[in-house]
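Working notes, beginning with the structure itself.
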Amino acid sequence: MASNKKLSLIRSHEEADVDPKVARSLKRYEKQYRRLAYKELPDNVPLEALKWDLSNWTIIMSDQCIRSLMEREDTCIVEHLDLAGADKITNVGLELFMNGMPKLTNVSLENAFQITAKGLTHMLKSCPSLRHLNLTGCLGISGTGFARLGQDARNLVQLALSGCTQVTPWAFMKIFQGCSLLQDLDLSFCSLITDQEIKFLADCCNSIELLNLKECRQISDISILSLSKGSGTLKGIGLSRHDLVSRITDISLLALAEGCPELKVIDFSGCEMISDVGVSWLAKGCKKLETINFTNCTKVTNAGMRYLSEGACLYI
């Protein structure tokens with residue numbers, strides 16, 4: 001929504017290098033906007049019977065708004081709840097949702113940073129059928145608090161923890177041990193995860209199809225070797241990085257070529273140790289590749305691209 005973009009601009013004006021007159025104008029706009037903005041959700045918010053997408057309203061969403069929403073008669077049949085950006089909602093509001101929506105299978109709490117481990121635990125116990133969960137940017141949940149996922153969310157097939165830099169190695173292992181049905185896992189920017197936890201993932205979760213390890217700086221070739229032995233179903237992997245680039249080499253491409261024949265999408269951008277030799281191995285073993293990203297892989301030349309040209313790859 002346009003209003004969301006304007007508020008985003010307002011909130012960042014103090015950090016930006018802008019003219020003082022412009023800053024004062026933005027502050028005046030902020031005051032005017034807040035006087036005009038809804039104090040609660042209007043009665044005519046369009047919501048589907050089974051899918052409640054409230055992501056466009058989270059800028060004004062509060063626990064009080066949730067109380068009004070939960071007075072509706074159709075809450076008990078809702079299966080999909082999107083609260084992305086709900087930075088004002090606390091554990092109280094989340095519990096109101098969960099108490100009235102026992103059939104939820106898909107929940108997004110992206111950037112709901114006031115939610116803590118207590119709120120997460122209540123949600124998991126209230127929604128035993130949960131299969132898709134987005135906790136991207138949920139910085140209010142303690143590192144060890146995420147371990148509850150492995151105990152109370154065993155039916156998960158999709159999990160996003162992007163940017164949750166507080167998740168500890170021990171919590172990762174608890175998650176992987178309990179959530180053995182995972183197919184789609186986003187761990188991008190989870191800086192504490194190491195090769196040891198990825199090896200544990202490969203041993204416990206044999207159905208992984210999509211894995212995002214972008215900017216996981218401690219991950220190395222060892223992780224890819226483990227995945228290639230335990231995740232033959234892998235269809236997409238992201239290893240883009242700007243730090244410790246030497247930890248990912250041609251050995252990773254060889255491992256994927258030998259153990260992941262279903263691979264369709266890879267992102268190795270910034271992995272400067274990747275070369276034409278590794279690309280040649282990848283081309284021979286992964287015949288189903290569709291999308292490749294070797295941006296800033298300076299050792300990959302036209303020769304490497306020729307190895308892939310025999311397939312149907314799309315280069316980003």
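All heavy atoms count here, side chains included; hydrogens, waters and symmetry mates do not.
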- Query: Would you say the side-chain atoms of R241 pair up with the backbone N or O of S269, donor to acceptor, closer than 3.5 Å?
  - Reply: no
- T116 backbone acceptor or donor facing N91 side chain under 3.5 Å: yes
- Sequence neighbours left out, what passes salt bridge (charged side-chain N to carboxylate O under 4.0 Å, His left out) with D63? Give chain and number order. none
- Task: Could you tell me whether E79 and K51 have a side-chain N and a carboxylate O separated by less than 4.0 Å?
- Result: no
- Query: Out of curiosity, does L109 fall in the hydrophobic cluster containing M70 (side-chain heavy atoms, cut-off under 4.5 Å, transitive links)?
  - Reply: yes
- side-chain hydrogen bond (donor to acceptor under 3.5 Å, both in side chains) pairs touching residues 161-177, sequence neighbours excluded, are S162-S188
- Taking the hydrophobic residues Ile, Leu, Val, Met, Phe, Trp and Tyr, and joining any pair whose side-chain heavy atoms are under 4.5 Å apart, which ones share a cluster with M273? none
- Set of side chain to side chain contact (heavy atoms under 4.5 Å, CB included) partners for S223, sequence neighbours left out: D195, I198, I219
- Item | L192: hydrophobic cluster co-members (side-chain, 4.5 Å) | none
- Query: Distance-only, no hydrogens or angles: does the S252 side chain make a donor-acceptor pair with backbone N or O of I248 under 3.5 Å?
  - Reply: no
- Message: Are L130 and L96 linked, directly or through intermediate hydrophobic residues, by side-chain heavy-atom contacts shorter than 4.5 Å (ILVMFWY only)?
- Response: yes
- Message: Suppose clustering is done on Ile, Leu, Val, Met, Phe, Trp and Tyr with side-chain heavy atoms closer than 4.5 Å. Which residues sit in the same group as W281?
- Response: L254, V277
- Spell out, as yes or no, whether a donor-acceptor pair under 3.5 Å connects the side chain of T136 to the backbone of E110. no
- Kindly indicate whether the side chain of E262, heavy atoms from C-beta on, has any atom under 4.5 Å from the side chain of K288. yes
- Query: Would a 4.5 Å heavy-atom cut-off, applied to side chains only, mark C65 and S68 as touching?
  - Reply: no
- Query: Taking N111 for the side chain and G85 for the main chain, is one N or O donor matched with an acceptor at less than 3.5 Å?
  - Reply: no
- Query: Are there more than 12 heavy atoms of other residues, nucleotides or ligands under 6.0 Å from atom CG of L47?
  - Reply: yes
- Can you tell me if K88 uses its side chain to pair, donor with acceptor, with the backbone of T58 under 3.5 Å? no
- Task: List in chain and number order the residues that pass side chain to side chain contact (heavy atoms under 4.5 Å, CB included) with S180, two or more places apart in sequence or in another chain; answer none if no residue qualifies.
- Result: none
- Query: Where the side chain of Q218 meets the backbone of S191, is there a donor-acceptor pair that is under 3.5 Å apart?
  - Reply: yes
- Query: Would you say E215's side chain and H242's backbone share a donor-acceptor pair under 3.5 angstrom?
  - Reply: yes
- Message: I'd like to know whether L139 forms a side chain to side chain contact (heavy atoms under 4.5 Å, CB included) with I141, so could you lay out the CA-CA distance, the side-chain angles of the two residues, the decisive distance to 0.1 Å, and finally the verdict.
- Response: CA-CA 6 Å; L139 301 180; I141 301 173; over 6 Å; no
- Item | D152: partners by side-chain hydrogen bond (donor to acceptor under 3.5 Å, both in side chains), with sequence neighbours left out | R148
- Taking the side chain as every heavy atom from C-beta outward, state whether D267 and L239 have any pair of such atoms under 4.5 Å apart. no
- Query: Can you tell me how far the CG atom of L159 sits from the CG atom of D186, to the nearest 0.5 Å?
  - Reply: 8.5 Å
- Query: Is M98 close to L104 at the side-chain level, that is, under 4.5 Å between some pair of heavy atoms?
  - Reply: yes
- Message: I'd like to know whether CG of D221 has more than 12 heavy-atom contacts from other residues, nucleotides or ligands below 6.0 angstrom.
- Response: yes
- Heavy-atom check, side chain of V300 versus side chain of M305, under 4.5 Å: yes
- Donor-acceptor contact below 3.5 Å, side chain S226 vs main chain I222: yes
- Task: Evaluate the side-chain proximity of D203 to F176: yes if any heavy-atom separation is below 4.5 Å, no if none is.
- Result: no
- Set of residues satisfying side-chain hydrogen bond (donor to acceptor under 3.5 Å, both in side chains) with respect to T194, sequence neighbours excluded: E197
- Message: In the structure I gave you, are the side-chain heavy atoms of N134 and V107 within less than 4.5 Å of one another anywhere?
- Response: no
- May I have the step-by-step check of side chain to side chain contact (heavy atoms under 4.5 Å, CB included) for W52 and M101, ending in yes or no? CA-CA 11 Å; W52 280 25; M101 298 180 171; 3.4 Å; yes
- Please report the C-alpha distance between N99 and H122 in whole Å, then the side-chain angles of each, then the deciding distance to 0.1 Å, and finally whether the side-chain hydrogen bond (donor to acceptor under 3.5 Å, both in side chains) criterion is met. CA-CA 9 Å; N99 291 340; H122 183 88; 2.8 Å; yes
- Message: Same cluster or not: L225 versus I208, using hydrophobic residues (I, L, V, M, F, W, Y) connected whenever any side-chain heavy atoms lie under 4.5 Å apart?
- Response: no
- Message: Once rounded to the nearest 0.5 Å, what's the spacing between atom CE of M61 and atom CD1 of I66?
- Response: 6.0 Å
- Partner set under salt bridge (charged side-chain N to carboxylate O under 4.0 Å, His left out) for E258, not counting sequence neighbours: none
- Message: Going by side-chain hydrogen bond (donor to acceptor under 3.5 Å, both in side chains), name the residues that satisfy it together with N155, two or more places apart in sequence or in a different chain.
- Response: none
- Determine yes or no for a side-chain-to-main-chain donor-acceptor pair under 3.5 angstrom, with S280 supplying the side chain and Y307 the backbone. no
- Task: Determine, using the 4.5 Å side-chain heavy-atom cutoff (strictly less than), whether M173 and L185 are members of one ILVMFWY cluster.
- Result: yes
- Item | Gap between atom CZ of F268 and atom SG of C297 - 0.5 Å precision | 8.5 Å
- Query: In the hydrophobic cluster built from side-chain contacts under 4.5 Å, what are the other members alongside I77?
  - Reply: L50
- Cluster check L213, F189: I/L/V/M/F/W/Y, side chain < 4.5 angstrom: no
